[in-house]
*Asks:* 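Take a look at this one; I'll ask things after.
Every heavy atom of this structure was used, including side-chain atoms; hydrogens, water molecules and symmetry mates were not.
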Amino acid sequence: MHSSQKTEDTEKFFNQWAIYQRVIAENYMVHAEIAMTLQRFLQALPLHRLRFLDLGCGDAFIAKKILAACELEQYCGVDLSPTALQFAEANLKALACTKHFITEDLTVSIAGYQQEFDIICAGYSLHHLQLVEKQNFFKLCANALKVNGYFLMYDLIRIEPETRSQCLQRHWQTYSQWAFSESELSSIKTHVFAQDHAESSQSLNVMATNAGFKSMENLYVDQQNLFAVYCFAN
């Protein structure tokens with residue numbers, strides 16, 4: 001990659017990252033509730049020396065919150081952005097376990113694992129995949145988990161019988177009220193309407209069942225039915 005392209009990619013990341021950091025700081029996408037939900041779930045597990053795969057980890061904001069009190073053997077963070085992974089590595093410096101940070105697409109990365117992890121987590125990332133890609137992802141995820149492992153997912157919600165367009169419009173009614181400049185909101189809207197493909201809980205349950213997961217549990221849903229945390233038991 002040419003240096004000019006690297007500079008452009010870095011600038012793009014920081015522009016997007018600055019917006020997302022404000023989303024987190026204002027708790028617009030209920031990161032606080034998500035972290036508390038996942039903390040409670042992990043603390044209740046009888047498992048020890050966990051092997052944890054964090055797909056689309058970004059700067060590991062959630063991982064830092066939920067893993068501090070866990071007994072880990074290994075943490076593996078995967079993200080397309082090497083800049084994000086640099087922040088993730090710094091944020092997780094205190095974790096007392098083996099750590100790996102991999103610059104790769106999450107669907108490519110997970111295909112290389114076979115019954116290696118106790119927990120797989122994917123946050124605000126699966127909604128970027130098309131339906132067929134999601135179906136394949138669930139199968140790969142089930143294969144990458146150990147017996148009695150868990151796939152934890154937090155993401156956007158589509159409510160049956162909403163179409164994608166209806167779902168996007170419903171979400172945008174809330175997003176458009178966020179305290180951003182007009183140009184920032186325009187950037188967010190462009191991303192949302194081009195990239196977001198939220199699934200309903202019913203659709204996710206079908207995909208998980210077809211992939212061999214034993215059960216699906218909704219651990220949290222916000223009051224506006226925009227965001228949810230799911231647990232799939234292998």
*Asks:* How many angstroms lie between atom CD1 of Ile119 and atom CG of Leu72, to the nearest 0.5 angstrom?
*Replies:*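 Here the rounded value is 10.0 Å.
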
*Asks:* For Asn234, give me all partners under side chain to side chain contact (heavy atoms under 4.5 Å, CB included), at least two apart in sequence or on another chain.
*Replies:*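 Checked Asn234 against side chain to side chain contact (heavy atoms under 4.5 Å, CB included); matches are Ala142, Leu145, Phe213.
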
*Asks:* With sequence neighbours excluded, give me every salt bridge (charged side-chain N to carboxylate O under 4.0 Å, His left out) pair touching residues 212-224.
*Replies:*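 Every candidate salt bridge (charged side-chain N to carboxylate O under 4.0 Å, His left out) pair involving residues 212-224 fails, so no pair, neighbours aside, qualifies.
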
*Asks:* So, for Phe151 and Tyr230, is the gap between ring centers shorter than 6.0 Å?
*Replies:*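 Judged by ring-centre distance (under 6.0 Å), Phe151 and Tyr230 do not meet the cut-off.
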
*Asks:* Please tabulate, for side-chain N and O atoms in residues 201-209, each donor-acceptor pair with protein atoms closer than 3.5 Å (sequence neighbours left out).
*Replies:*
| from | atom 1 | to | atom 2 | distance (Å) |
| --- | --- | --- | --- | --- |
| Ser203 | OG | Glu199 | OE1 | 2.9 |
| Thr209 | OG1 | Asn205 | O | 2.8 |

*Asks:* Quick one: list whatever passes side-chain hydrogen bond (donor to acceptor under 3.5 Å, both in side chains) with Gln195, sequence neighbours left out.
*Replies:*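 Residues passing side-chain hydrogen bond (donor to acceptor under 3.5 Å, both in side chains) with Gln195: none at all.
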
*Asks:* Got a sec, which pairs hit salt bridge (charged side-chain N to carboxylate O under 4.0 Å, His left out) with one end in residues 201-211, sequence neighbours left out?
*Replies:*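 Listed by first then second residue: nothing to list.
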
*Asks:* Quick one: does Lys134's side chain have a donor or acceptor within less than 3.5 Å of a partner on Leu129's backbone?
*Replies:*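 Checking the backbone N and O of Leu129 against the side chain of Lys134, a donor-acceptor pair under 3.5 Å is found.
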
*Asks:* Please list all pairs meeting side chain to side chain donor-acceptor pair (under 3.5 Å) that have one or both residues in residues 111-127, counting only residues at least two apart or in different chains.
*Replies:*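 Counting only pairs at least two positions apart or across chains, the side chain to side chain donor-acceptor pair (under 3.5 Å) contacts touching residues 111-127 are His127-Asp155, His127-Asp196.
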
*Asks:* For the pair Phe138 and Phe232, evaluate ring pair (Phe, Tyr, Trp, His ring centres under 6.0 Å) and give the outcome as yes or no after the intermediate values.
*Replies:* CA-CA 10 Å; Phe138 268 92; Phe232 305 91; 5.2 Å; yes

*Asks:* Does the plane of the ring in Trp172 sit parallel, tilted or perpendicular to the ring in Phe193? Use 30° and 60° as the thresholds.
*Replies:*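 Because their plane-to-plane angle is over 60°, the rings of Trp172 and Phe193 count as perpendicular.
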
*Asks:* Quick one: list whatever passes side chain to side chain contact (heavy atoms under 4.5 Å, CB included) with Ser183, sequence neighbours left out.
*Replies:*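 For Ser183, the residues satisfying side chain to side chain contact (heavy atoms under 4.5 Å, CB included) (neighbours in sequence not counted) are Ser181.
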
*Asks:* Nearest 0.5 angstrom please: Arg170 CZ to Ser165 OG, how far?
*Replies:*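 Between Arg170 CZ and Ser165 OG, I get 12.5 Å after rounding to 0.5 Å.
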
*Asks:* The criterion is side chain to side chain contact (heavy atoms under 4.5 Å, CB included); which residues satisfy it with Ala233, sequence neighbours excluded?
*Replies:*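 Result, side chain to side chain contact (heavy atoms under 4.5 Å, CB included) vs Ala233: Tyr150, Ser215.
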
*Asks:* Under the rule for side chain to side chain contact (heavy atoms under 4.5 Å, CB included), what residues qualify as partners of His171, not counting sequence neighbours?
*Replies:*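 Counting only residues at least two positions away or on another chain, His171 forms a side chain to side chain contact (heavy atoms under 4.5 Å, CB included) with Leu156, Cys167, Tyr175, Leu226.
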
*Asks:* Between Ala32 and Asn27, what is the shortest heavy-atom contact and its length?
*Replies:*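 Here Ala32 and Asn27 meet closest at N-OD1, 2.9 Å.
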
*Asks:* Taking the inter-plane angle between the rings of Phe61 and His31 on a 0 to 90° scale, is it parallel (under 30°), tilted (30 to 60°) or perpendicular (over 60°)?
*Replies:*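 Rings of Phe61 and His31: perpendicular, as their planes differ by over 60°.
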
*Asks:* How long is the straight-line distance from CZ of Arg51 back to CZ of Arg49, given to the nearest 0.5 Å?
*Replies:*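 The CZ atom of Arg49 sits 10.0 Å away from the CZ atom of Arg51.
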
*Asks:* Going by ring-ring contact (aromatic ring centres under 6.0 Å, His included), name the residues that satisfy it together with His100, two or more places apart in sequence or in a different chain.
*Replies:*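 For His100, no residue satisfies ring-ring contact (aromatic ring centres under 6.0 Å, His included) once neighbours in sequence are set aside.
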
*Asks:* With heavy-atom distances below 4.5 Å as the criterion, would you say the side chains of Cys97 and Glu73 are in contact?
*Replies:*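 Heavy-atom side-chain distance check fails, nothing below 4.5 Å.
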
*Asks:* Do Leu152 and Ile120 have side chains that get closer than 4.5 Å, going by heavy atoms?
*Replies:*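 Side chain of Leu152 against side chain of Ile120, heavy atoms only: no contact under 4.5 Å found.
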
*Asks:* In Å and rounded to the nearest 0.5 Å, what is the CG to CG distance from Leu106 to Leu55?
*Replies:*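 Between Leu106 CG and Leu55 CG, I get 5.5 Å after rounding to 0.5 Å.
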
*Asks:* List the steps and the verdict of side chain to side chain donor-acceptor pair (under 3.5 Å) for Glu160 and Ser200.
*Replies:* CA-CA 6 Å; Glu160 297 286 1; Ser200 66; 2.8 Å; yes

*Asks:* To the nearest 0.5 angstrom, please state how far the CG atom of Leu131 sits from the CG atom of Asn136.
*Replies:*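 Separation between the atoms: 11.5 Å.
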
*Asks:* By ring-ring contact (aromatic ring centres under 6.0 Å, His included), which residues pair with Phe101, not counting sequence neighbours?
*Replies:*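 Tyr75.
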
*Asks:* Would you please name every residue forming a ring-ring contact (aromatic ring centres under 6.0 Å, His included) with Phe52, sequence neighbours left out?
*Replies:*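 Testing Phe52 for ring-ring contact (aromatic ring centres under 6.0 Å, His included), a comparison that skips the adjacent residues, returns none.
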
*Asks:* Measure the CG-CG distance between Asp105 and Asp79 for me, rounded to the nearest 0.5 Å.
*Replies:*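 Going from the CG atom of Asp105 to the CG atom of Asp79 covers 10.0 Å.
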
